[in-house]
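Read the structure below first, then the notes.
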Amino acid sequence: MSYLKPCSRHPELKWAQRKDKVFITVLLPDAKDAKVNLEPDGIFTFSAKAGAENHPYELKLELFDKVNVEESKINIGVRNIFCILEKAEKEWWKKLLRGDGKPPHYVKVDWDKWVDEDEDTGGGMGDLDLGGMDFSKFGGMGMGDDMPEMPDDFEDSDDEVTKPGESSAGEAEGAGKKEDEAGKKEGSH
């Protein structure tokens, strides 16, 4: 009996949405050479290597509708790749992917980020906690082949991505302190 070994694997993907956004989280710890591409017509592609044997992982998704690439954002962290895709039309999608078939087994709803349509206040992110992640824009990040590679010994315990010339943790901590102080003021009334 013989079988074919697949040349690439599919990482697990979780998704949720708001009226104007789609959240996609690719769950692939310690991904190396991660490349993400997003096209205006809703084609989302991902590739990376992971694991002790550097297995290749790939995804190509035809999203339900068009997206605004320039306003979409991405964070490549140690445990996952988190994308906030801006919808071209601000309306709820019936599902994540085009077509009539059942979604692939590796595409799942992210119940931690999910909000029902009738509960979406249109306030953007709502009460979604992004844990101080820094995001780069898809359009400005140059995602794909010209994405900078991280050295093998690179460790990123904060799951942050910054563009050259931006400060990272200091700004995030400062913003967090301002939010904390604002929260204390609100709570004291």
Side-chain angles (χ1 to χ4, degrees), residues 6-51 54-115 117 120 124-126 128 130-131 133-150 156 159-163:
C7 56
S8 68
R9 300 168 183 210
H10 300 290
E12 185 177 349
L13 178 140
K14 290 186 175 184
W15 80 285
Q17 70 173 318
R18 300 293 185 274
K19 185 175 184 177
D20 60 340
K21 294 175 179 48
V22 174
F23 304 115
I24 293 181
T25 306
V26 179
L27 302 169
L28 190 61
D30 301 318
K32 298 177 192 88
D33 303 324
K35 294 178 178 66
V36 181
N37 191 44
L38 180 65
E39 297 174 21
D41 63 349
I43 304 297
F44 176 91
T45 54
F46 168 82
S47 67
K49 293 179 181 164
N54 280 327
H55 292 290
Y57 286 81
E58 294 180 342
L59 282 174
K60 181 175 181 181
L61 304 173
E62 292 184 28
L63 302 175
F64 184 76
D65 207 348
K66 295 178 178 164
V67 293
N68 182 336
V69 176
E70 291 301 315
E71 294 301 316
S72 296
K73 299 173 185 171
I74 184 170
N75 173 272
I76 299 177
V78 173
R79 288 171 222 76
N80 58 45
I81 292 84
F82 182 59
C83 305
I84 301 174
L85 310 182
E86 288 288 331
K87 296 176 181 177
E89 304 282 328
K90 294 188 182 338
E91 57 190 35
W92 280 79
W93 293 358
K94 292 183 259 182
K95 53 189 180 173
L96 177 64
L97 305 176
R98 281 179 221 161
D100 296 327
K102 191 176 173 188
H105 67 90
Y106 51 84
V107 175
K108 298 178 170 126
V109 171
D110 190 340
W111 295 112
D112 292 334
K113 294 181 180 69
W114 192 266
V115 171
E117 186 173 355
D120 187 3
M125 303 295 271
L128 186 64
L130 299 179
M133 285 191 251
D134 285 344
F135 287 89
S136 299
K137 293 200 175 206
F138 268 92
M141 184 73 177
M143 302 315 278
D145 294 333
D146 54 349
M147 187 175 137
E149 289 188 29
M150 297 294 166
D156 183 11
D159 286 358
E160 293 181 314
V161 173
T162 55
K163 290 188 237 177

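Heavy atoms only: backbone and side chains are in, while hydrogens, waters and symmetry mates are out. Numbers for residues simply follow the sequence, beginning at 1.
A donor-acceptor pair is defined here as one N or O able to donate and one able to accept, closer than 3.5 Å; such a pair exists between the side chain of R98 and the backbone of L63. Judged by distance alone, the side chain of T45 and the main-chain N or O of K60 form no donor-acceptor pair under 3.5 Å. Within the 3.5 Å criterion, the main-chain N or O of K49 finds no donor-acceptor partner in the side chain of H55.
For the pair A48 and A34, the tightest heavy-atom approach, listed with the atom from each and the gap, is CB-CA, 3.8 Å. Across every non-hydrogen atom of Q17 and K87, the tightest pair is OE1-NZ, 2.5 Å. Closest non-hydrogen pair, E39 versus V69, comes out as C-CG2, 3.7 Å. Residue W93 comes nearest to V22 through the heavy atom pair CZ3-CG2, 3.5 Å, listed as atom of the first residue, atom of the second, then distance. The two residues I81 and A31 have their closest heavy-atom pair at CD1-CB, 4.3 Å. Heavy atoms only, all atoms of each residue included: C83 and F44 are closest at SG-CE1, 3.9 Å.
The side-chain heavy atoms of T25 and L13, taken from C-beta on, include no pair separated by under 4.5 Å.
The structure places CG of D65 at 10.5 Å from CG of D41, a figure rounded to the nearest 0.5 Å. Note that CD of E71 is 12.5 Å distant from CG of L85, once rounded to the nearest 0.5 Å.
The aromatic rings of W114 and W15 sit perpendicular to each other, their planes meeting at more than 60°, with 30° as the lower class boundary.
The cationic atom of K14 (NZ for Lys, CZ for Arg) does not lie both less than 6.0 Å from the six-membered ring centre of W111 and within 45° of the ring axis.
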- Task: Show the numbers, then the answer: is there a side-chain contact (heavy atoms from CB on, under 4.5 Å) between F46 and L28?
- Result: CA-CA 11 Å; F46 168 82; L28 190 61; 3.9 Å; yes

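K19 has no carboxylate O lying under 4.0 Å from a charged side-chain N of E91, or vice versa, which leaves the two without a salt bridge.
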